[in-house]
Amino acid sequence: MGNSALRAHVETAQKTGVFQLKDRGLTEFPLELQKLTSNLRTIDLSNNKIESLPPMLIGKFTLLKSLSLNNNKLTVLPDELCNLKKLETLSLNNNHLVDLPPAFGQLSALKTLSLSGNQLRALPPQLCSLRHLDVMDLSKNQIRSIPDIVGELQVIELNLNQNQISQISVKISSCPRLKVLRLEENCLELSMLPQSILSDSQICLLAVEGNLFEIKKLRELEGYDKYMERFTATKKKFA
C-alpha cells in the first residue's frame with residue numbers, strides 16, 4: 001500500500017477519530033498513527049498480517065474506545081495495551097494468542113471482549129477483574145476445563161463453544177450476572193454439567209448441543225423445570 005494512500009487515511013482519521021484499514025496485507029501496525037494518539041476513538045485493522053503491536057505506541061491512545069484486530073497473526077499482546085483505560089470493545093478473533101498480559105484486568109472500561117479462534121488453553125484469571133465486562137467470546141480455543149475462579153466473572157454472556165471442555169466448576173452457578181452460557185461442541189458428559197446451573201443460577205439460556213450426551217437427557221435432570229421457568233420468562237420479555 002502506497003504512502004500517499006496511507007496518508008489520506010490518516011488525514012481522514014484526524015477529522016473523524018476513526019482509523020479503518022482492513023484487508024490491505026499490512027504486516028505492521030502503522031507507525032503513522034502516532035500523530036493521532038490523542039484523538040482516535042476507533043481503530044480497525046482487521047484482516048491483515050500484523051504479527052505484533054508496538055509497545056511504545058499502543059498504550060498512548062488515551063481516548064480509544066474500540067480496537068479491532070481480527071484475522072491477523074498476533075502471538076502476544078504487549079503489557080502497554082493495558083493502559084487503554086477507556087477501551088470498551090476489544091476484538092482479537094482469529095489470531096495466535098496463547099495467553100493475555102498479566103495486567104489485562106486493568107482494562108477497567110471493557111464491555112465486550114472477543115478472543116474466538118485463538119490458542120488459549122485455560123480461562124485467563126485476569127478476566128475476573130473486569131467489572132464492566134458484559135459479553136465475552138472465548139469460542140474456538142483449546143480450553144479443557146473451567147476452574148473455580150469462573151464464579152468471579154461479571155459477564156452477562158459467555159461463549160465457550162467449540163473448545164475441549166470436559167470439566168466445569170460448580171462455581172459457574174455463582175456468576176452474579178451470567179444469563180447466557182454457550183457450551184456447544186465441547187467434550188462434556190452429562191454428569192460433568194453442574195446441576196446447579198439449572199436449579200440455582202441466573203442462567204436463562206444454556207446452549208449445550210454437540211456434547212457427549214443427548215439433549216433429551218438434560219430434560220430429565222433435577223432443576224430443569226426451574227431453568228425452563230427462567231428461559232420462558234426471558235423469552236416473553238423479548239417477544
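Everything quoted here is computed from the prediction, not taken from an experiment. Here, residue 1 is the first one in the sequence, and each next residue gets the next number.
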Worksheet item: Would one find more than 12 heavy atoms of other residues, nucleotides or ligands at under 6.0 Å from atom NZ of Lys85?
Response: yes

Worksheet item: Can Phe61 be reached from Val10 by stepping across I, L, V, M, F, W or Y side chains whose heavy atoms are under 4.5 Å apart?
Response: yes

Discussion item. Apply side chain to side chain contact (heavy atoms under 4.5 Å, CB included) to residues Cys187 and Arg144 and explain how you reach the verdict.
Written reply: CA-CA 8 Å; Cys187 306; Arg144 293 172 181 269; over 6 Å; no

Response to the item:
dist Gln202:CD -> Ile197:CD1 (nearest 0.5 Å) comes out at 13.0 Å

Worksheet item: For the atom pair CG (Leu113) and CG (Leu92), what is the distance rounded to the nearest 0.5 Å?
Response: 7.0 Å

Fill in: Pairwise distance CD(Glu80) to CD1(Ile58) - rounded to 0.5 angstrom
10.0 Å

Can you give me every donor-acceptor pair (side chain of residues 27-37, partner residue at least two apart or in another chain, under 3.5 Å) with its distance?
none

Worksheet item: Can you tell if the side chain of Thr234 reaches within under 4.5 Å of the side chain of Leu205, non-hydrogen atoms only?
Response: no

Discussion item. Using 0.5 Å steps for rounding, measure from the CG atom of Leu90 to the CZ atom of Phe104.
Written reply: 5.0 Å

Item to complete: Go through the steps for Leu178 and Leu158 under the test side chain to side chain contact (heavy atoms under 4.5 Å, CB included), then give the verdict.
Response: CA-CA 7 Å; Leu178 188 61; Leu158 176 58; 3.8 Å; yes

Worksheet item: Does the side chain of Phe19 come within less than 4.5 Å of His9's, by heavy atoms?
Response: yes

Worksheet item: Is the backbone of Asn93 close enough, under 3.5 Å, to the side chain of Asn70 for a donor and an acceptor to pair up by distance?
Response: yes

Worksheet entry | Test item: Leu74 and Leu69 side chains (from C-beta on) under 4.5 Å apart, heavy atoms | yes

Worksheet item: Cut-off 3.5 Å, side chains only: do Ser173 and Ser201 have a donor facing an acceptor?
Response: no

Worksheet item: Run the side chain to side chain contact (heavy atoms under 4.5 Å, CB included) check on Ile168 and Leu183 step by step: do they pass?
Response: CA-CA 10 Å; Ile168 301 180; Leu183 287 162; 3.6 Å; yes

Fill in: Minimal non-hydrogen separation, Leu138 against Leu120, with atom names
CD2-CD1, 3.9 Å

Practice prompt. Could you walk me through whether Ile146 and Ile165 pass the side chain to side chain contact (heavy atoms under 4.5 Å, CB included) test, one step at a time?
Written response: CA-CA 7 Å; Ile146 303 300; Ile165 297 166; 3.9 Å; yes

Worksheet entry | Which atom of Ser169 lies closest to which atom of Val150, heavy atoms considered | CB-CG1, 4.5 Å

Discussion item. With heavy-atom distances below 4.5 Å as the criterion, would you say the side chains of Leu218 and Leu193 are in contact?
Written reply: yes

Worksheet item: Do the side chains of Asn48 and Asp23 get nearer than 4.5 Å, heavy atoms only?
Response: no

Item to complete: Look up atom CG in Asn95 and atom CD in Gln119, then write down how far apart they are to the nearest 0.5 Å.
Response: 9.5 Å

Worksheet item: Counting only N and O atoms by type, is there a donor-acceptor contact under 3.5 Å from the side chain of Arg230 to the main-chain atoms of Ile203?
Response: yes

Discussion item. I want to check something: taking the side chain as every heavy atom from C-beta on, are Phe231 and Leu206 in contact at a cut-off of under 4.5 Å?
Written reply: no

Practice prompt. Please check if any side-chain donor atom of Ser68 sits under 3.5 Å from a side-chain acceptor atom of Ser46, or the reverse.
Written response: no

Discussion item. Return the CG to SG distance between Leu153 and Cys128, rounded to the nearest 0.5 Å.
Written reply: 4.5 Å

Practice prompt. Over all heavy atoms of both residues, which pair between Asn118 and His96 is shortest? Give the atoms and the distance, please.
Written response: OD1-N, 3.3 Å

Worksheet item: Which atom names give the shortest non-hydrogen contact between Asp134 and Arg177, and what distance separates them?
Response: OD1-NH2, 2.9 Å

Item to complete: Say whether Val76 and Leu127 are linked into one hydrophobic cluster, either directly or through other cluster members, by side-chain heavy-atom distances under 4.5 angstrom.
Response: no

Response to the item:
For Ser139 and Ser116 the tightest heavy-atom approach is OG-OG, 2.8 Å

Item to complete: Using the rule that two of Ile, Leu, Val, Met, Phe, Trp, Tyr join whenever any of their side-chain heavy atoms come within less than 4.5 Å, decide whether Leu190 and Val170 are in one cluster.
Response: no

Worksheet item: Is Leu57 linked to Leu53 within one hydrophobic cluster, defined over Ile, Leu, Val, Met, Phe, Trp and Tyr using a side-chain heavy-atom separation of less than 4.5 Å?
Response: yes

Discussion item. In the structure I gave you, are the side-chain heavy atoms of Gln162 and Asn186 within less than 4.5 Å of one another anywhere?
Written reply: no

Worksheet item: Do any N or O atoms from the side chain of Gln126 and from the backbone of Leu100 form a donor-acceptor pair under 3.5 angstrom?
Response: yes

Worksheet item: So, Asn47 versus Asn71: side-chain donor-acceptor pair below 3.5 Å or not?
Response: yes

Discussion item. For the CD atom on Glu222, are there more than 12 heavy atoms of other groups (residues, nucleotides or ligands in this structure) within a distance under 6.0 Å?
Written reply: no

Fill in: From CA spacing to verdict: salt bridge (Lys or Arg N to Asp or Glu O under 4.0 Å), Asp99, Arg121
CA-CA 8 Å; Asp99 53 23; Arg121 292 180 175 272; over 6 Å; no

Item to complete: For residues Lys49 and Asn72, report the shortest heavy-atom separation together with the two atoms involved.
Response: N-OD1, 3.2 Å

Discussion item. Main chain of Val98, side chain of Asn141: is a donor-acceptor contact present, judged purely on distance under 3.5 Å?
Written reply: no

Worksheet item: Listed by chain and number, what are the salt bridge (Lys or Arg N to Asp or Glu O under 4.0 Å) partners of Arg182, not counting sequence neighbours?
Response: Glu157

Worksheet, complete the sentence: The side chain to side chain contact (heavy atoms under 4.5 Å, CB included) partner of Met136 among Val155, Asn159, Ile156 is Val155

Worksheet item: Quick one: does Leu26's side chain get under 4.5 Å of Leu45's, heavy atoms only?
Response: yes

Worksheet item: Would you say Leu198 and Leu212 are hydrophobically clustered, going by side-chain heavy atoms of ILVMFWY under 4.5 Å?
Response: no

